[in-house]
Peer 1: 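The structure under discussion is supplied below as structure tokens; questions concerning it will follow.
Order of the sequence lines sets the chain letters (A, B, ...), proteins ahead of strands, with each chain counted from 1. Note that the structure is a prediction, hence the values are computed from the model and not measured.
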There are 2 protein chains.
Amino acid sequence: MNPDRQCMSDAIRDSLTSRIFDGTLKAGDRLVELEIAREFDTSQTPVREALRELESLRLVDSAPYRGTWVRGISDREMVEAYAVRGVLEQLAAELAAPRLKGDVAEIRESLSLIHESARVGDIEGYAKHNLDFHRGIVLASDNEVLIQSWDRLSFEARVRLHLRSQHEPRLIERAREHDEPVDALERGDGVTAGRLLRKHAESCKQRWLDRSLTTEVDESIPERQPVNASYLS
Amino acid sequence: MNPDRQCMSDAIRDSLTSRIFDGTLKAGDRLVELEIAREFDTSQTPVREALRELESLRLVDSAPYRGTWVRGISDREMVEAYAVRGVLEQLAAELAAPRLKGDVAEIRESLSLIHESARVGDIEGYAKHNLDFHRGIVLASDNEVLIQSWDRLSFEARVRLHLRSQHEPRLIERAREHDEPVDALERGDGVTAGRLLRKHAESCKQRWLDRSLTTEVDESIPERQPVNASYLS
DNA sequence: CACCTGTATATTATCGATAATGAGCCTGCG
DNA sequence: CGCAGGCTCATTATCGATAATATACAGGTG
């Protein structure tokens, strides 16, 4: 939100964020304030601030006097988020087209990285470049509110959290869905690009739906880890 | 976010929020932590938490060691927000239509209040019922992520902040723009309802643009109130 | 008089300690 | 054996005090 926060609470926030992203912290894991404070050799206060910020990013949940824990993301929520993402990117494309004036070099750059990752089967890379690609279009819209709204969907977190559970991703085929929208953008046809991007999001959503229906195993979100241990130890 | 926070920081947050909404706190006003703490007869800590939360709601801005102040909303941002709102409500209508199964009673209720307010020239009432109307459709989508995204646009704050500067609102004419989308929803045609709602948002956006171009007087956002006073007093 | 530099002050960021709360355990009763 | 009530403790929420920082002003310099 603000340019250059250099305070402790921000360092903690960033560190915890990457732990959630890289899977060190899993859904349901508890975040105990004093424990984290000890680890960062700081007091409880900045930790609390960091946790509250993570909460506003919807990465964690909390309840008064009951603590904070990593939020799980249900399949339903993923599906909902793809729907929202679809219309946001549709708008982004419409706004971006007249601004880009056909200069889609940067976007094509991401696109080729997507294809490359797909070719070699690099799921992590695919996810990363895919996000860059989509965010690139959103940024090109030059609509700050739109960018914020898109960022708030936290697709980075969403995707990463589920990365490990992805089977048979058919990356090469999926990568192709990005080609047509870029072509449309290049010729300045934002409306078409938008429509295609929305369709793309819909198909991602559909894939998720299918996956969640077939993989019916333990789709429940870990509510919250039980309290540490007995104090008898 | 969470059901029942009863702690001090939440009370402070709510109180400050309404002050921003009702104009007691204006764009650029500084929020000094210890000052607020004294007023609520509490310590600095819960005030800080409240301020951070307001920041995540984008009602205030802050910078490290420089404090917190009420955020101004530029005409440009309003225009951007209307564009985003348009596509979000388009999606909302599409999702809502099949769920409502023609039962638009609740929405019509808001609609008639809009018309009534327009008839008697009650700007405040119009704004309120207008928000109820739009949010009602968003809620009917039953897409939690969408609802969150819409709420994050903070149109309540946006509209209220600018309420005082509205001239010649042509309420009656504007109110009519809501009729057709509801008709479409009633007959289950979500796509049409969505298209109309988006068009409606576009026309709100356009009105704002026109207004901001004609009212060129002091459209600058108060950056930040100067520090209290000299310590010489 | 414009501009730079140093200093005082207001204010934020953080600390360590205390109060408040909820979760689990244990007991005794039915 | 199941369950309600009280107790213990881990943990959060808040406090009061201190460290760190930015801003305004004063004074000096060209």
Peer 1: Measure the distance from CG on A:L34 to P on D:dT12 and round it to the nearest whole Å.
Peer 2: 7 Å
Peer 1: Nearest whole angstrom, please: distance from the C1' of C:dT12 to the CE of A:M8.
Peer 2: 15 Å
Peer 1: In whole Å, I'd like the distance from the CG atom of A:D41 to the P atom of C:dG16.
Peer 2: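 About 9 Å, once rounded to whole Å.
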Peer 1: Taking CD1 from A:I36 and P from D:dA10, how many angstroms apart are they, rounded to a whole number?
Peer 2: 18 Å
Peer 1: Looking at D:dT11, I'd like to know if its phosphate oxygens (OP1 or OP2) sit under 4.0 Å from a side-chain N or O belonging to A:R30.
Peer 2: yes
Peer 1: Roughly how many Å is it from CG in B:L31 to P in C:dA13, rounded to a whole number?
Peer 2: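 Atom-to-atom, B:L31 to C:dA13, this comes out as 13 Å.
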Peer 1: Which of the following nucleotides, C:dA13, D:dG16, D:dT11, is nearest to the side chain of B:S43?
Peer 2: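 Side chain of B:S43 sits closest to D:dG16.
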Peer 1: Can you tell whether the side chains of A:K128 and A:E124 come within less than 4.0 Å, N to carboxylate O?
Peer 2: no
Peer 1: Whole-Å distance between C:dT12 P and B:R38 CZ?
Peer 2: 10 Å
Peer 1: Starting at atom CZ of B:R13, determine the distance to atom P of D:dT14, rounded to an integer number of angstrom.
Peer 2: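 Rounded to the whole Å, the gap is 12 Å.
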Peer 1: Salt bridge (charged side-chain N to carboxylate O under 4.0 Å, His left out) with B:E39: which residues, sequence neighbours excluded?
Peer 2: B:R19
Peer 1: Kindly point out which of C:dG22, D:dA22, D:dT14 is positioned nearest to the side chain of A:Y65?
Peer 2: C:dG22
Peer 1: Is any side-chain N of the basic residue among B:R52 and B:E49 closer than 4.0 Å to the acidic one's carboxylate O?
Peer 2: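 Looking at B:E49 together with B:R52, the answer is no, because their closest N to O distance does not fall below 4.0 Å.
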Peer 1: Within the structure, does a side-chain N or O atom of A:T68 lie under 4.0 Å from either OP1 or OP2 of D:dT12?
Peer 2: no
Peer 1: So A:L51, base contact, sugar-phosphate only, or nothing? Heavy-atom distance under 4.0 Å.
Peer 2: nothing
Peer 1: Taking only the side-chain heavy atoms of A:E33 (C-beta and beyond), determine which of D:dT12, D:dT14, C:dT14 contains the nearest atom.
Peer 2: D:dT12
Peer 1: Using atom CD1 of B:I12 as one end and atom P of D:dA13 as the other, report the distance to the nearest whole Å.
Peer 2: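 Rounded to whole Å, this separation is 14 Å.
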Peer 1: Check whether any side-chain N or O of A:T45 sits under 4.0 Å from OP1 or OP2 of C:dT14, and answer yes or no.
Peer 2: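 Checking C:dT14 against A:T45, no side-chain N or O comes under 4.0 Å of OP1 or OP2.
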Peer 1: Can you see if the side chain of B:R66 gets near the phosphate of D:dT23 - specifically, an N or O under 4.0 Å from OP1 or OP2?
Peer 2: yes
Peer 1: The side chain of A:R48 is closest to which nucleotide in this list: D:dT14, D:dT21, C:dT21?
Peer 2: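 Among D:dT14, D:dT21, C:dT21, the one nearest the side chain of A:R48 is D:dT14.
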Peer 1: Between A:D10 and A:R13, is there a salt bridge with N-O shorter than 4.0 Å?
Peer 2: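 Looking at A:D10 together with A:R13, the answer is yes, because their closest N to O distance falls below 4.0 Å.
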Peer 1: With under 30° as parallel and over 60° as perpendicular, where do the rings of A:H178 and A:Y126 fit, or are they tilted in between?
Peer 2: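 If you compare the ring of A:H178 with that of A:Y126, the planes turn out perpendicular.
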Peer 1: Considering every strand and a 4.0 Å limit on heavy-atom distances, what is the contact class for A:Q44: base, sugar-phosphate, or nothing?
Peer 2: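 Base contact.
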